There are 2 protein chains.
Amino acid sequence: MKLSTRGEYGLRAMFELAQRYGQGPVSLKSISERQGISAPYLEQLIASLRKAGLVRSVRGAQGGYILGREPSEIRVGDIIRVLEGPIAPTECVSEKRGETCCTRSETCVARSVWEKVRDSISDVLDSITLADMCDEAARLQSGDAQYVCNNI
Amino acid sequence: MKLSTRGEYGLRAMFELAQRYGQGPVSLKSISERQGISAPYLEQLIASLRKAGLVRSVRGAQGGYILGREPSEIRVGDIIRVLEGPIAPTECVSEKRGETCCTRSETCVARSVWEKVRDSISDVLDSITLADMCDEAARLQSGDAQYVCNNI
DNA sequence: CCCAATCCCAACCAATTTCCTCGGAATATA
DNA sequence: TATATTCCGAGGAAATTGGTTGGGATTGGG
């Protein structure tokens, strides 16, 4: 029931880009240093995100990466789906599928459990954008610890 | 973001035991045949469930397995935690921990995302018992397809 | 009382996935 | 041109997954 480091690192990297959005390209090196992630490994993750359009790249000296669209238009779920594949606790309820994988399919009660789990995960991930995360970070940094986040 | 087959098979096996609850011990062989799961592999899973008290065993001929308590007293979350470990999308928000794993800990915004995911998964899994699953199976088998489950 | 059915246990193993590393080519800036 | 950077593909060690194998312990039935 765990994410791999792909999703974990990927979200942190995207959050980093969101926080510096509008300040020009951010180099891989600076992301990897600030987030403590191996640069060559992170490079692979960002390559996936770039192919999916969530990130744009600027090559050459002073180059780097920029979010593909506004932080408010990038949901955590978008990032996770790119890096971890379709959200699904089991194969038989994968978000992406045409094949009904298991023969029990329609009458399988376990399956309906996994559907509920899948939907609850999707709901959470799709309700949070990078902009939301930046807002929360700003609040935390301003020392406003009592503030309870209720925008979700 | 996937469960291993341990959780998947384990829930199906426990559901099988729930459906035959009160009819004496159910042999490993019959569970594995009805659910299409390798018997020796399933044996390992049931061993874990037995050590956790979710299942009782009866040795010898005509022996088998019986639920450790009433189906209504066994939540899906109980089963998944035994077979898959504590529910957590990432290590840093594991249900079981005293060690704060990552140094960013308190101010990490990504972490609060994972906490929300963890809680939503737990809520779903802990709101469904084996008895609920049996009820739903009964409805499905009675052909009452229009019925919409709203007990969760 | 023996035998077959059944659970119990520990070790082993192949395939896959994870989490990287390495080396170099392409591209842009100063 | 020298340097900073992204882009790309290959390789690889370690862990995990999803089992298998073989044998021992326990019990009901003939």
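So you know, we letter chains A, B, ... as the sequences are listed, proteins then strands, and number each from 1. What you see is a predicted model; the values in this text were computed from it and never measured.
Protein atom CD1 of Ile37(A) is 9 Å distant from nucleotide atom P of dC20(C), rounded to whole Å. Rounded to an integer number of Å, the gap from CZ of Arg12(A) to C1' of dC19(C) is 14 Å. Look at CG on Leu42(B): it is 17 Å from P on dT17(D), rounded to the nearest Å. One can place CG of Leu83(A) at 15 Å from C1' of dC20(C), the figure rounded to the nearest angstrom. Following rounding to the nearest Å, Arg56(A) (CZ) and dC7(D) (P) show an atom-to-atom distance of 12 Å. The CG atom of Leu45(B) sits 14 Å away from the P atom of dC7(C) (whole-angstrom rounding).
The residue among Lys29(B) and Gln62(A) whose nearest nucleotide of DNA chain C lies closer to the 5′ end is Lys29(B). Taking for each of Ala61(B) and Glu84(B) the nucleotide of DNA chain D with the nearest heavy atom, the 5'-most of the two is the partner of Glu84(B). Comparing Leu28(B) and Gln44(B) by the nucleotide of DNA chain C whose heavy atom lies nearest to each, the residue mapping closer to the 5' end is Leu28(B).
The shortest non-hydrogen separation linking Leu45(A) to Gly10(A) is CD1-N, 4.2 Å. Across all non-hydrogen atoms, the minimal contact from Ala88(A) to Glu95(A) is CB-N, 4.3 Å. Annotation for Gly77(A) and Asp126(A): closest pair CA-OD1, 3.5 Å, computed over non-hydrogen atoms. The heavy-atom pair separating Phe15(A) from Ala137(A) by the smallest distance is CZ-CB, 3.7 Å.
Of the candidates dA25(D), dC8(D), dC9(C), the closest approach to any side-chain atom of Glu43(B) belongs to dC9(C). Side-chain proximity of Tyr41(B) to dC8(C), dC8(D), dT20(D): nearest is dT20(D).
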Under the salt bridge (charged side-chain N to carboxylate O under 4.0 Å, His left out) criterion, do Glu16(B) and Arg34(B) qualify, and how do the steps go? CA-CA 9 Å; Glu16(B) 188 78 24; Arg34(B) 304 223 336 192; 2.7 Å; yes

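Between the side chains of Tyr9(B) and Ser38(B), not a single donor N or O lies within less than 3.5 Å of an accepting N or O. For the residue pair Asp132(A) / Thr129(A), a side-chain donor-acceptor distance below 3.5 Å is found, with atom types taken as modelled. With hydrogens and angles left out, the side-chain atoms of Arg20(B) and Ser30(B) include a donor and acceptor closer than 3.5 Å.
Looking at heavy-atom distances under 4.0 Å, Arg50(B) makes contact with sugar-phosphate atoms alone, never a base. Ile46(B) comes within 4.0 angstrom of nothing in the nucleic acid, heavy atoms only.
Between Tyr65(A) and dC7(D) there is a side-chain polar atom (N or O) within less than 4.0 angstrom of OP1 or OP2.
The environment of Arg69(A) atom CZ is dense: over 12 non-hydrogen atoms of other residues, nucleotides or ligands sit within 6.0 angstrom.
In the region residues 1-10 of chain B, proximity to DNA chain D at under 4.0 angstrom, judged on heavy atoms, holds for Ser4(B), Thr5(B), Tyr9(B).
Ion pairing between Arg75(B) and Asp78(B) holds under the 4.0 Å rule for side-chain N and carboxylate O.
Contact of Arg59(A) with dA26(C) (side chain to base): a donor-acceptor pair of N or O atoms is detected under 3.5 Å.
Axis orientation changes by 10° from one end of the helix from dC1(C)-dG30(D) to dA30(C)-dT1(D) to the other, with each end axis drawn from 5 pairs and the value rounded to 10°.
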